[in-house]
Visitor: 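I have a structure here, written as structure tokens, and I will follow up with some questions on it.
Order of the sequence lines sets the chain letters (A, B, ...), proteins ahead of strands, with each chain counted from 1. Please read all numbers here as calculations on a predicted model, not as lab measurements. Computation of the quantities below employed the complete heavy-atom set of this structure, encompassing side-chain atoms and omitting hydrogens, waters and symmetry-equivalent molecules.
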Number of protein chains: 2
Amino acid sequence: MDIKLKQQASAITDLTFDLLRCCEAKEKLFAKDHGLKVAEFRCLRIIEAGKTYSVQELATNMHLSPSRLTRIIDGLFAEKLVDRVQSIEDRRFAKISLTGKGQTLVGKLKEEYAELHGEMLKDISTDQRDKIYEGISLMGELVSDWLVKNS
Amino acid sequence: MDIKLKQQASAITDLTFDLLRCCEAKEKLFAKDHGLKVAEFRCLRIIEAGKTYSVQELATNMHLSPSRLTRIIDGLFAEKLVDRVQSIEDRRFAKISLTGKGQTLVGKLKEEYAELHGEMLKDISTDQRDKIYEGISLMGELVSDWLVKNS
DNA sequence: TCCTTTTCTTTGCCAAAGGCAAGAATATTG
DNA sequence: CAATATTCTTGCCTTTGGCAAAGAAAAGGA
């Protein structure tokens, strides 16, 4: 039993390791093709149109430090993709949101990034896609929970 | 049908995106805990004891440029974890391999990294672990194939 | 053989990514 | 009001990474 766990853990360790490298390469290519820095793409992708976010929210979400986020937002602000206003209720907070231009871009990015994945997934069966969904969903939760406990 | 693909692609896009962030954080933590730079950990992990590798092989494997690899190997060499000798058959090639110290370390790293994943996986069923394995395995191949075609 | 071309690695240089510690501004609490 | 805590930004540093040129070696002509 325990041996079974060990084998599975080892196999999954290797697979996630490889998947990670590939997905990083994929993100880098995609961002470059759209004239964005990888960090900018990653940040834009998690900002929903109409919502506002504090620096800390974004930092936590992206697993980065607040100071790093300040810099990323600086870049997006300079390109007029996001607005940054001081919160009125608590003026320590920044309220970051997408500009009109930002919303248009993010819409396009999401669309095209999903298309890219559609391209990858188009030649396998619906069932297999479900298996991918299920597997990655399970793994994502486990890793996320583990991070909460261990950092 | 096509709508189904679109939905699945979109869902999988989001999931892999989140998984990627979490796994990066996980790698960073693990490397730090073992006194290694992330790039060093990633490099060491793909070098098998007793085998030799060219710079290019490692670069391709890690999806990095040869020049970047030279630097990573410089670091590992300075710590006496890898050997770097000129190939005798073709003296343009470097032959990179683990030193004794490197083998010991890599053995420990692999063991402990698998243990870490074992810790994450221990509370779910064998079946669910198989689902994770299957899903990530499928996805890994798809992304890898896509990269070959698109870069 | 000698010259050109190709291949593999390294080096110099630069950009991007990211964190830490200190500071500024604002809230909160005693 | 004074002390403390929170939020963000800034300065400074490390790490990560690539490109282009240079070196060194092999392979191919003529």
Visitor: Please report the closest heavy-atom contact between A:Ser137 and B:Leu15, naming both atoms and the distance.
Guide: CB-CD1, 3.8 Å

Visitor: Looking at every non-hydrogen atom in both residues, tell me the closest pair between A:Lys80 and A:Thr99 and how far apart they are.
Guide: O-OG1, 2.8 Å

Visitor: For DNA chain D, note the earliest and the latest nucleotide, 5' to 3', having some atom under 4.0 Å of a heavy atom belonging to chain A.
Guide: D:dT6 to D:dG17

Visitor: Take the protein atom CZ of B:Phe93 and the nucleotide atom P of C:dT10, then report the distance between them rounded to whole Å.
Guide: 12 Å

Visitor: Looking at DNA chain C, which of residues 15-38 of chain A put a heavy atom within less than 4.0 Å of it?
Guide: A:Lys37, A:Val38

Visitor: Is it the case that the side chains of A:His117 and B:Lys6 hold a donor-acceptor pair, with the cut-off being a distance below 3.5 Å and no angle test?
Guide: no

Visitor: Checking B:Lys28 against B:Asp33 for the salt bridge (charged side-chain N to carboxylate O under 4.0 Å, His left out) test, could you report, in this order, the C-alpha distance in whole Å, the side-chain angles of both residues, the deciding distance, and whether it holds?
Guide: CA-CA 9 Å; B:Lys28 188 169 285 191; B:Asp33 282 352; over 6 Å; no

Visitor: For the atom pair CG (A:Leu19) and OG1 (B:Thr16), what is the distance rounded to the nearest 0.5 Å?
Guide: 7.5 Å

Visitor: State which of C:dT26, C:dT11, C:dT9 makes the closest approach to the side chain of A:Gln86.
Guide: C:dT26

Visitor: Closest nucleotide of DNA chain C for B:Val55 versus for A:Arg42: which of these residues is on the 5' side?
Guide: B:Val55

Visitor: A:Ile88 or A:Glu40: which one's nearest nucleotide on DNA chain C is closer to the 5' end?
Guide: A:Glu40

Visitor: When you measure only distances, ignoring hydrogens and angles, does the side chain of B:Arg71 come within 3.5 Å of the base of C:dG12 through a donor and an acceptor?
Guide: yes

Visitor: A side-chain contact here means heavy atoms from C-beta on lying under 4.5 Å apart; do B:Thr13 and A:Leu116 qualify?
Guide: no

Visitor: Out of curiosity, B:Leu44 CG to B:Lys37 NZ, how far, rounded to the nearest 0.5 Å?
Guide: 12.0 Å

Visitor: Below the 4.0 Å mark, does C:dG18 have OP1 or OP2 next to a side-chain nitrogen or oxygen of A:Arg68?
Guide: yes

Visitor: Given the ring of B:Phe17, does B:Arg21 sit roughly above its face, with NZ or CZ under 6.0 Å from the centre of the six-membered ring and within 45° of the axis?
Guide: yes

